[in-house]
Amino acid sequence: MIGEGDLDIVGRIGVASNLTLVCEIAAPEPDGAPLRVVYKPVRGERPLWDFPDGTLAGREVASYLISQHLGWGVIPETVLRDGPFGPGMVQRWVTSVDNRTDLRQRPDLVDLCTPGTVPDGFCEVLRALDEQGNEVSLIHADDPRLQRMAVLDLLLNNADRKGGHALEGVDGQVYGVDHGICLHTEPKLRTVLWGWAGRPVHESLIADISTFAANLPGAVADSLAPHITDAEITALTERATALLDQPTMPVPNSSRPIPWPAF
């Protein structure tokens, strides 16, 4: 459905690096509610030194397809289609839970807290100084829904998993958004989800990856080919194989393992 109908622009996400517009698609029935989506036109992509110009929208679609082929549904429905500013990525809007309205003031999936006060059910990633010079801990939920996203990021070689890119939907699912700088052939993993470093990947996820890797040379690769290069598909295959050979979460091994800003 998000691949059809006119996109009516209703707003813009101003904090996004690339032009990111909030749009609505009129419902097919006269009394139906419009469908809200995010639209990122290719012409609004900011040039990057390490990713070819005009490829970010295609990488978003390829990331969605990989999530679907795995059977994980981590990324909301995403298509490449025309819009008011030309071709671009269109993704179904996620209505997320606002934990700040909860009387218990639950932390977000990825959050900050005072060192030494990490809540039960959360992992501490690192300690740093905030803008006021106060020491804070970067934490994330020790949640299997979020760990599945972290494993997907390994396969996607996600260079930009910020805290705000992990959304807890009102439907109870955890979704990842903003996958424009994924699927590079060179190691690029930068993420806030390092809390499981060195831990084994759950066997159910490994079973899904095994099936995915077995199907990659055929129909999966064919579906990705319009969006990423053959070399990038080969690199994806190598990452999947490496994870099957050593099914543990990696530890940071670069000088910049966390994207900046982290949120």
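Predicted model only: the values in this text are computed from it and were never measured.
One distance of note links CG of L146 with NE2 of H140; it measures 6.5 Å at 0.5 Å rounding. I258 CD1 to R161 CZ: the interatomic distance, rounded to the nearest 0.5 Å, is 14.0 Å. Taken from OG1 in T55 to CD1 in I228, the straight-line distance is 10.5 Å, to the nearest 0.5 Å. Atoms OG1 and CZ, from T234 and R239 in turn, are 10.5 Å apart once rounded to the nearest 0.5 Å.
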**OP:** Report the C-alpha distance between D142 and W196 in whole Å, list the side-chain angles of each, state the deciding distance to 0.1 Å, and finish with yes or no for side chain to side chain contact (heavy atoms under 4.5 Å, CB included).
**Re:** CA-CA 8 Å; D142 189 5; W196 297 288; 2.8 Å; yes

Original post:
side chain to side chain contact (heavy atoms under 4.5 Å, CB included) between L126 and W194: does it pass, once the steps are laid out?
Top reply: CA-CA 9 Å; L126 58 76; W194 286 112; over 6 Å; no

Subject >> Steps toward side chain to side chain contact (heavy atoms under 4.5 Å, CB included) verdict (L152, S67) >> reply: CA-CA 7 Å; L152 177 63; S67 172; 4.0 Å; yes

Subject >> Working for side chain to side chain contact (heavy atoms under 4.5 Å, CB included), residues I13 and V15 >> reply: CA-CA 6 Å; I13 300 177; V15 296; 4.0 Å; yes

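Note on R190 versus D153: no salt bridge recorded, every NZ/NE/NH1/NH2 to OD/OE distance being 4.0 Å or above. One finds a salt bridge joining D50 and K188 here, because a Lys/Arg side-chain nitrogen approaches an Asp/Glu carboxylate oxygen to under 4.0 Å.
Within the 3.5 Å criterion, the main-chain N or O of L56 finds a donor-acceptor partner in the side chain of E45. Looking only at distances, no side-chain donor or acceptor of T117 sits under 3.5 Å from a matching main-chain atom of C113. Using modelled atom types, one side-chain atom of D171 and one backbone atom of Q173 make a donor-acceptor pair closer than 3.5 Å.
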Kindly list each side-chain donor-acceptor pair under 3.5 angstrom involving residues 212-224, sequence neighbours excluded, with atom names and distances?
{"unit_1": "N215", "atom_1": "ND2", "unit_2": "T211", "atom_2": "O", "d": "3.3"}
{"unit_1": "S223", "atom_1": "OG", "unit_2": "H69", "atom_2": "NE2", "d": "3.0"}
{"unit_1": "S223", "atom_1": "OG", "unit_2": "V220", "atom_2": "O", "d": "2.7"}

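Side chain to side chain, N157 and H184 fail the donor-acceptor criterion of an N or O pair below 3.5 Å.
Applying the side chain to side chain contact (heavy atoms under 4.5 Å, CB included) criterion to A231, with sequence neighbours excluded, gives T185, T229. For L154, the side chain to side chain contact (heavy atoms under 4.5 Å, CB included) partners two or more places apart in sequence, or in a different chain, are L189, L243, M249, P250.
Residue E131 qualifies as open at atom CD: its count of foreign heavy atoms under 6.0 Å is 12 or below.
A side-chain hydrogen bond (donor to acceptor under 3.5 Å, both in side chains) check over residues 79-91, counting only residues at least two apart or in different chains, returns the pairs T78-Q91. Within the structure, side-chain hydrogen bond (donor to acceptor under 3.5 Å, both in side chains) contacts touching residues 1-26 (residues at least two apart or in different chains) are E24-R36.
Side-chain atoms of S63 and L183, non-hydrogen and from C-beta on, do get closer than 4.5 Å to each other.
Other residues sharing the hydrophobic cluster of F122, ordered by chain and number and joined by side-chain separations under 4.5 Å: V118, I139.
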